[in-house]
Amino acid sequence: MPHVAPGTSDGTPSPAPGALAAPPVRRPSRPVWSTVGREALGALVALALSVIALRHLVATERVALLWYDGDSVLLPLVERSIRLGQPFEWAMSPALFFFPELPVYLLCSLVTATPQQALALNGVLVLLAVYALVRAAANELMPAAHRSARIAVSAVALGFVTLLVLTESSATANSLELASLLLTTTYYYGALLAMLGTAVLVLRAVRTGRASTTVLVVLVLLAACTTASNPLYVPWSAGPVVVTLVLLALARRLPWRPVVGVAAALAVGAVVGYLLRVPLRPFVSLDPSTYVHPDRAGTTVSFFAALTDDRAGSASGDAGLLLLFVGVLLAAGGTVWAWRARTSRTVLVATALPLVTVVAVSVGVVVAGSSTPRYLEPVVTAPLLALVAVAELTRSAVRSTRVHQPRRGVRTALAVAGAVVLVAGIATAPGTLSAVAHARYAPAACLDRWADGRRVTGVGQFWTVRPLAAYASSDVELLQVRDTFETYPWLVDLGAYRDARPTFVVIGANDVWTTAVEDSLGRPAAITHCDGFDVYDYAGTAGAAVLQRDVVGSADRIRRDRGF
């Protein structure tokens with residue numbers, strides 16, 4: 001016999017034969033202004049949480065990862081290249097950031113004055129998008145709950161993310177500080193938002209018992225666009241969704257009709273996405289398969305064990321690990337509770353899917369032999385669905401016991417917490433806005449003073465020149481090279497190298513040159529010292545000709561090989 005109780009579309013039991021069905025509960029309709037006001041209040045709480053998270057990053061060493069990291073400045077560099085009218089011949093990673101990262105950042109840059117402001121606004125918008133998607137999931141998981149309850153649970157979910165962000169303060173991306181990566185533009189927030197969006201669509205199909213044409217079309221488009229831009233969508237979202245639904249269908253807890261429809265839509269979308277990557281191949285620097293090294297699985301386990309020990313070396317790190325554990329516990333415990341309680345199908349899916357996702361991502365990272373912590377980011381976002389599902393399980397359990405006094409206590413506690421968050425957000429907003437508005441990259445200012453308004457082109461290594469290239473004036477152009485002065489085609493616009501005439505070299509304090517720069521290019525005409533780097537000026541010397549030959553010549557070969 002199937003385990004799904006017959007009756008309603010979401011799996012809740014129908015009245016026994018011969019029993020009088022209770023008349024449907026008709027809540028008095030609320031004025032539109034009341035509904036809008038409640039939703040606006042929830043959005044304000046989400047905004048306050050986002051500002052608090054941003055303020056923490058801006059006030060700690062992690063601001064370097066948000067604004068000045070070699071990877072983080074990619075989209076500011078793309079925007080700068082477009083603004084300067086350079087050919088769009090970018091050498092990207094397997095993640096292309098074309099959807100949704102690039103369009104969102106370009107819109108942010110239109111209404112801001114500096115890259116720091118655009119990046120900060122982008123980070124806030126991402127957290128607001130997380131709230132909006134969790135809010136949509138709450139509509140599917142808690143259809144019988146009051147609107148205020150669904151809003152409150154969604155705000156609590158974003159509060160969980162914000163608490164995680166508050167435990168993270170280092171300047172490196174190679175740590176288990178995963179939540180704050182959501183506020184950056186190049187650590188895969190697009191795939192994470194797509195993962196939550198996919199879950200909402202799946203919950204809709206499960207709740208209604210059928211995948212409507214609209215849901216299927218949106219799923220196909222979402223899977224295709226996200227996969228074309230970032231193939232991580234498949235192991236992070238599409239794969240776990242299909243596995244979860246099929247397992248529950250085999251266990252006779254889900255009907256096959258929506259399972260087949262959703263699985264087919266995701267499969268078609270993923271295939272279309274991969275096909276779209278074929279014409280986009282000139283933009284991809286490495287094939288995703290180069291990231292898979294099963295022989296390094298043992299090393300990966302040791303690596304993440306060391307990262308965990310390092311994270312546990314402080315009180316904030318312990319708190320962060322505890323919160324991550326709570327998220328996983330919500331998914332695991334919620335799945336057991338939903339299974340045994342024979343609750344609605346949507347709640348069961350919303351607890352099981354995060355559990356499958358966490359297991360799949362964790363095992364996948366080990367099997368792939370990867371030493372890149374950011375591939376574990378779904379461990380932060382997937383349990384948000386379980387949090388909402390467990391809230392619905394708790395609400396149903398309390399409702400069934402007819403214990404109303406504790407519910408009033410919960411409402412009071414949530415109201416107080418919301419007020420505290422709003423006050424904290426209002427208190428931190430002026431300082432956050434001031435810090436963002438007045439943020440300047442001092443090393444770039446030094447380079448601009450050296451250039452003194454001249455239109456000049458120079459070269460340097462990845463970690464040194466990228467933030468300089470993003471924040472220097474439009475008259476200063478910096479090209480990325482290896483220590484051999486050949487073009488380094490990684491996250492750069494190869495179009496910028498066309499007919500370039502580099503005349504200076506930026507040498508960072510942490511750069512490694514296998515051959516001394518002066519041995520390769522000769523003595524510079526002048527050396528200027530800035531904080532963290534030196535400028536070797538080769539204008540008017542034989543070294544300038546060598547630079548042009550090696551840098552521009554190698555870029556020409558790379559562009560031809562890529563088909564530009």
Side-chain angles (χ1 to χ4, degrees), residues 66-92 97 101-122 185-186 436-481 487-508 526 528 530-539 544 547-548 551-552 555 559 564:
L66 177 66
W67 284 340
Y68 308 120
D69 178 74
D71 291 332
S72 300
V73 297
L74 170 61
L75 297 189
L77 288 173
V78 175
E79 185 273 335
R80 175 188 173 106
S81 176
I82 294 173
R83 177 163 37 85
L84 295 177
Q86 296 173 341
F88 197 89
E89 298 174 341
W90 278 86
M92 294 289 193
F97 306 106
E101 292 90 347
L102 181 56
V104 172
Y105 180 81
L106 291 178
L107 289 175
C108 290
S109 67
L110 288 177
V111 297
T112 53
T114 66
Q116 290 100 327
Q117 295 173 22
L119 290 169
L121 176 59
N122 198 312
T185 55
T186 48
V436 172
H438 296 96
R440 297 294 183 270
Y441 189 52
C446 181
L447 185 61
D448 288 342
R449 286 193 299 271
W450 168 80
D452 194 24
R454 296 174 296 154
R455 183 173 294 278
V456 291
T457 302
V459 303
Q461 294 190 21
F462 184 93
W463 296 109
T464 299
V465 300
R466 289 182 68 79
L468 291 173
Y471 291 99
S473 70
S474 57
D475 291 330
V476 179
E477 184 73 31
L478 285 166
L479 306 177
Q480 189 172 290
V481 297
T487 297
Y488 181 29
W490 184 253
L491 307 181
V492 293
D493 186 5
L494 295 172
Y497 293 74
R498 288 182 179 272
D499 302 321
R501 295 183 179 275
T503 59
F504 68 93
V505 181
V506 172
I507 302 177
T528 301
C530 290
D531 184 18
F533 66 94
D534 294 330
V535 179
Y536 281 35
D537 188 358
Y538 281 94
L547 277 177
Q548 184 173 6
V551 176
V552 178
R559 280 199 310 274
F564 285 130

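Heads up: numbering here begins at 1 and tracks the sequence.
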A.B. asks: Return the CG to OG1 distance between D499 and T457, rounded to the nearest 0.5 Å.
C.D. replies: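 Nearest 0.5 Å value for the CG-OG1 distance: 11.0 Å.
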A.B. asks: Compare every heavy atom of A439 with every heavy atom of Q116, then report the nearest pair and how far apart it is.
C.D. replies: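 Minimum heavy-atom separation between Q116 and A439: NE2-O, 3.4 Å.
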A.B. asks: Quick one: do L84 and E477 satisfy side-chain contact (heavy atoms from CB on, under 4.5 Å)? Show the steps, please.
C.D. replies: CA-CA 10 Å; L84 295 177; E477 184 73 31; 4.0 Å; yes
A.B. asks: Just to verify, which of V456, L547, V481 counts as forming a side-chain contact (heavy atoms from CB on, under 4.5 Å) with P502?
C.D. replies: L547
A.B. asks: Between the side chain of S109 and the main-chain N/O of L106, is any donor-acceptor distance below 3.5 Å?
C.D. replies: yes
A.B. asks: Mind checking the CG-CH2 spacing from D71 to W490? Nearest 0.5 Å is all I need.
C.D. replies: 8.5 Å
A.B. asks: Quick one: pull up OH in Y471 and CG in L447 and give me the separation to the nearest 0.5 Å.
C.D. replies: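 Interatomic distance, Y471 OH to L447 CG, rounded to 0.5 Å: 15.0 Å.
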A.B. asks: Of all the heavy-atom pairs spanning A496 and L479, show the shortest one and how long it is.
C.D. replies: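 Heavy-atom minimum between the residues: O-CD2, 4.0 Å.
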A.B. asks: Ignoring hydrogens and geometry, is there a side-chain-to-backbone donor-acceptor pair from T487 to V551 under 3.5 Å?
C.D. replies: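 Such a contact is found between T487 side chain and V551 backbone.
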A.B. asks: What residue among L119, T114, L121 forms side-chain contact (heavy atoms from CB on, under 4.5 Å) with Q117?
C.D. replies: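 Running side-chain contact (heavy atoms from CB on, under 4.5 Å) over L119, T114, L121 with Q117 returns exactly one hit, T114.
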A.B. asks: Run the numbers on W463 and D69 for side-chain contact (heavy atoms from CB on, under 4.5 Å), then give the verdict.
C.D. replies: CA-CA 8 Å; W463 296 109; D69 178 74; 3.6 Å; yes
A.B. asks: Does CZ in R498 sit with more than 12 non-hydrogen atoms of other residues, nucleotides or ligands closer than 6.0 Å?
C.D. replies: yes
A.B. asks: Under the side-chain contact (heavy atoms from CB on, under 4.5 Å) criterion, do C446 and D531 qualify, and how do the steps go?
C.D. replies: CA-CA 8 Å; C446 181; D531 184 18; over 6 Å; no
A.B. asks: Roughly how far, to the nearest 0.5 Å, is CZ of R455 from OG of S473?
C.D. replies: 9.0 Å
A.B. asks: R466 side chain to L491 main-chain N or O, any donor-acceptor pair under 3.5 Å?
C.D. replies: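 Between the backbone of L491 and the side chain of R466 there is a qualifying donor-acceptor contact (under 3.5 Å).
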A.B. asks: Would you please say whether a donor-acceptor pair under 3.5 Å links the side chains of N122 and T185?
C.D. replies: no
A.B. asks: Check F504 against D537 and note the closest heavy-atom contact, atom names and distance.
C.D. replies: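 Minimum heavy-atom separation between F504 and D537: CB-CA, 4.1 Å.
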A.B. asks: For C108 and T112, which heavy atoms make the closest approach, and how far apart are they?
C.D. replies: O-OG1, 2.7 Å
A.B. asks: Below 4.5 Å, heavy atoms only, C-beta onward: do V104 and F97 meet side chain to side chain?
C.D. replies: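 Sidechains of F97 and V104: no contact.
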A.B. asks: Evaluate the ring planes of Y441 and Y68, with Trp represented by its six-membered ring, and classify them as parallel (under 30°), tilted (30 to 60°) or perpendicular (over 60°).
C.D. replies: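 Rings of Y441 and Y68: parallel, as their planes differ by under 30°.
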A.B. asks: Just verifying a value: how many Å separate D493 CG and M92 CE, rounded to the nearest 0.5 Å?
C.D. replies: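 Atom-to-atom, D493:CG and M92:CE are 8.5 Å apart.
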A.B. asks: Taking atom CD1 of I507 and atom SG of C530, what is their separation to the nearest 0.5 Å?
C.D. replies: 12.5 Å
A.B. asks: Would you name the heavy atoms of P489 and L494 that are closest together and state the gap between them?
C.D. replies: CB-CD2, 4.3 Å
A.B. asks: Please report the closest heavy-atom contact between V552 and A500, naming both atoms and the distance.
C.D. replies: CG2-O, 3.2 Å
A.B. asks: Mind running side-chain contact (heavy atoms from CB on, under 4.5 Å) on V459 and Y538 for me, showing each step along the way?
C.D. replies: CA-CA 11 Å; V459 303; Y538 281 94; over 6 Å; no
